[in-house]
Amino acid sequence: MTNETPQKLYYPSEEVVKNAAVSGMEAYRALCAEAAQDYEGFWGKRAKELIDWQTPFTQVLDESNAPFFKWFADGKLNVSYNCLDRQVNNGLGDKVALIFEGDKGDVSKVTYKDLLGRVSKFANALKSLGVKKGDRVVIYLPMSIEGVVAMQACARIGATHSIVFGGFSAQSLADRINDAGAVALITSDGQNRGGKALPLKSIADEALASGCPSIKNVLVVKRTGGETAMVAGRDIWADDLLATQSDVCEPEWVEAEHPLFLLYTSGSTGKPKGVQHSTGGYLLHAILTMKYTFDIKPDDVFWCTADIGWVTGHTYITYGPLACGATEIVFEGVPTYPDAGRFWKMIQDHKVNIFYTAPTAIRSLIKAADNTPAVHPKNYDLSSLRILGSVGEPINPAAWEWYYENVGGSRCPIVDTFWQTETGGHMITPLPGATPLVPGSCTLPFPGIQAAVVDETGTEVPWGQGGILVVQRPWPSMIRTIWGDPDRFVKSYYPADFQGKLYLAGDGAIRDKDTGYFTITGRIDDVLNVSGHRMGTMEIESALVAHEKVAEAAVVGRPDDLTGEAIVAFVVLKGARPTGDEAVKVIKELQNWVGQEIGPIAKPKDIRFGENLPKTRSGKIMRRLLRQLAKGEEITQDTSTLENPAILEQLK
Ligand code: WT7
């Protein structure tokens, strides 16, 4: 990233500015000033306005046990009530909440009234199984109406849900169930993706067979049909149980700090961490970002293409849009089936106004449109679009410009939203009717968020100089702890290097020397971002060394045009170093192994074998060298501390 050429700014049209919730940069600055002057007042005012509380809170922020911050702690509320009942009570009962489009193109619509009934039935079904407030429920479901319903049902009865993405393996599912100590699992017979029916229940069975003693029941939603083995006394078809439930369920009023959900994500050790989110503070930021970042309006059709298995799907499918009474799309399929025009056709068919997707999807659709002109967005009527969003990884300027011109017709602002599983909602992002845009920059902090770029001592570095991204004040939707491991929470996010005062995001960043705009320069820890999916290098290494043939493994990332980063593994086998056909065979075997151990998203793209790994004399693997090798670069740096320089030749 250089700061030499002045950045070209893209300004929102007068029309967009005029109608926006935050209208113009003056309005943005006024909000920031309001928060700077009275931080608690800023958040407290909005929490009162935007949430229906059963018991109002009297204290906004409690810092007495920092960094275990509490927000609105003596207030009581229910998220499902705020998403559903309040819309129905406000006369929106007949408004469409969800437009579901299946993989094969089947469409069904659910009104707020219907959704409230379905969630209440599901909540009663969970209660009938003995699930109660504070219990953990793991959800292993594909993108579906039931996925949203199951999450909302947990919220309704105060159970803490933990979604496991449908692409994760039996082993990953079992690990998460056991770490959370979940009492119930909600899954489906299978899932439809790209014209194929894939199993889900059988993977869940495999997970449970490996030992998940806390699970008492498995609730199975029917989606693909066909044979499904059911374990008597444990497994129940959701349809059967729901048939006899009342569609009225009094919400369980919970304290604002009650854990709404856990969501496992990768860190720099082998074990994924259960990020714990709150109820009140989380909901506030979900709503506020829908209003400020997406400028959601009553008649909008909103579409976030993420899966409910990721935090983006939690905040911008299950909770944010519904808490705002919006109409949103829930899409089961993939962007390339039946062809790579699927997204554009769906925007046209459903007259989508706000579209939120990931750079990796955009890059693959650019490639597809180059190869097959018929799926180019120009063949579709995309005039309904007003705002575009990007999330999950840095968006390269070329993809940004293509998205802006070809999808947004050079008229729709792109909000490049930087945030994380841990932050609950947007942290650094343009506001569409205010912020002039620079391709590749997530621009400025959301009002009330105090982000900075610092050096190793926690001192802010001058604009134009790269450093470590931190957040200087706690915010309502932040991670509360790591489930079962509060020490790891403190060490990971409030490290002693910064006297425990700064939230460490784990990313590097640089601010433009003129505008102060933030550009994220990538992770500073051992975390990779592959197609917007977060993967720990240690997690993949642990999976590799669990294979009987592997003695040692080191995993690094390599820049990739399509997936952002690609996984490269350097492997030492217990036997001889394989070459030729034998190497090809073992590579396949190890790729499939990692796919089974973690999930297909973790499969290394490239595996190289050596008789050893490059190590210092003290035995430390020199990852910097491996990164260079992975990129195919000449090794230019000093290798004199290497114990075994000859190994570099083998690993090229
Ligand atoms: C990591 C968080 C945000 C929800 C989905 C991913 C990277 C995320 C951006 C962006 C540059 C981004 C960061 C971050 N990231 N959004 N707009 N620009 N980088 O959540 O799986 O917790 O991953 O994704 O590296 O730390 P996640």
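Counting starts at 1 for both ligands and their atoms, following the listed order.
Residue-to-ligand polar distances keep S390 apart from ligand 1: every N/O pair is separated by 3.5 Å or more.
For C442, the closest heavy-atom approach to ligand 1 does not fall below 4.0 Å. Residue W419 places a heavy atom less than 4.0 Å from ligand 1.
Atom CG of D497 has more than 12 heavy atoms from other residues, nucleotides or ligands within 6.0 Å. More than 12 heavy atoms of other residues, nucleotides or ligands shown are found within 6.0 angstrom of NZ on K603.
Y282 and Y319 have perpendicular rings, their planes meeting at more than 60° on a 0 to 90° scale where under 30° would count as parallel.
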Could you walk me through whether M143 and I308 pass the side-chain contact (heavy atoms from CB on, under 4.5 Å) check?
CA-CA 6 Å; M143 283 298 289; I308 50 166; 3.9 Å; yes

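Residue E393 touches ligand 1 through its backbone alone, judged by heavy-atom distances below 4.0 Å. At a 4.0 Å heavy-atom cut-off, ligand 1 touches V311 through the side chain alone. Contacts of I520 with ligand 1, taken as heavy-atom pairs under 4.0 Å, involve the side chain alone. Residue H533 does not touch ligand 1, judged by heavy-atom distances below 4.0 Å. At a heavy-atom distance under 4.0 Å, only side-chain atoms of N529, from C-beta outward, approach ligand 1.
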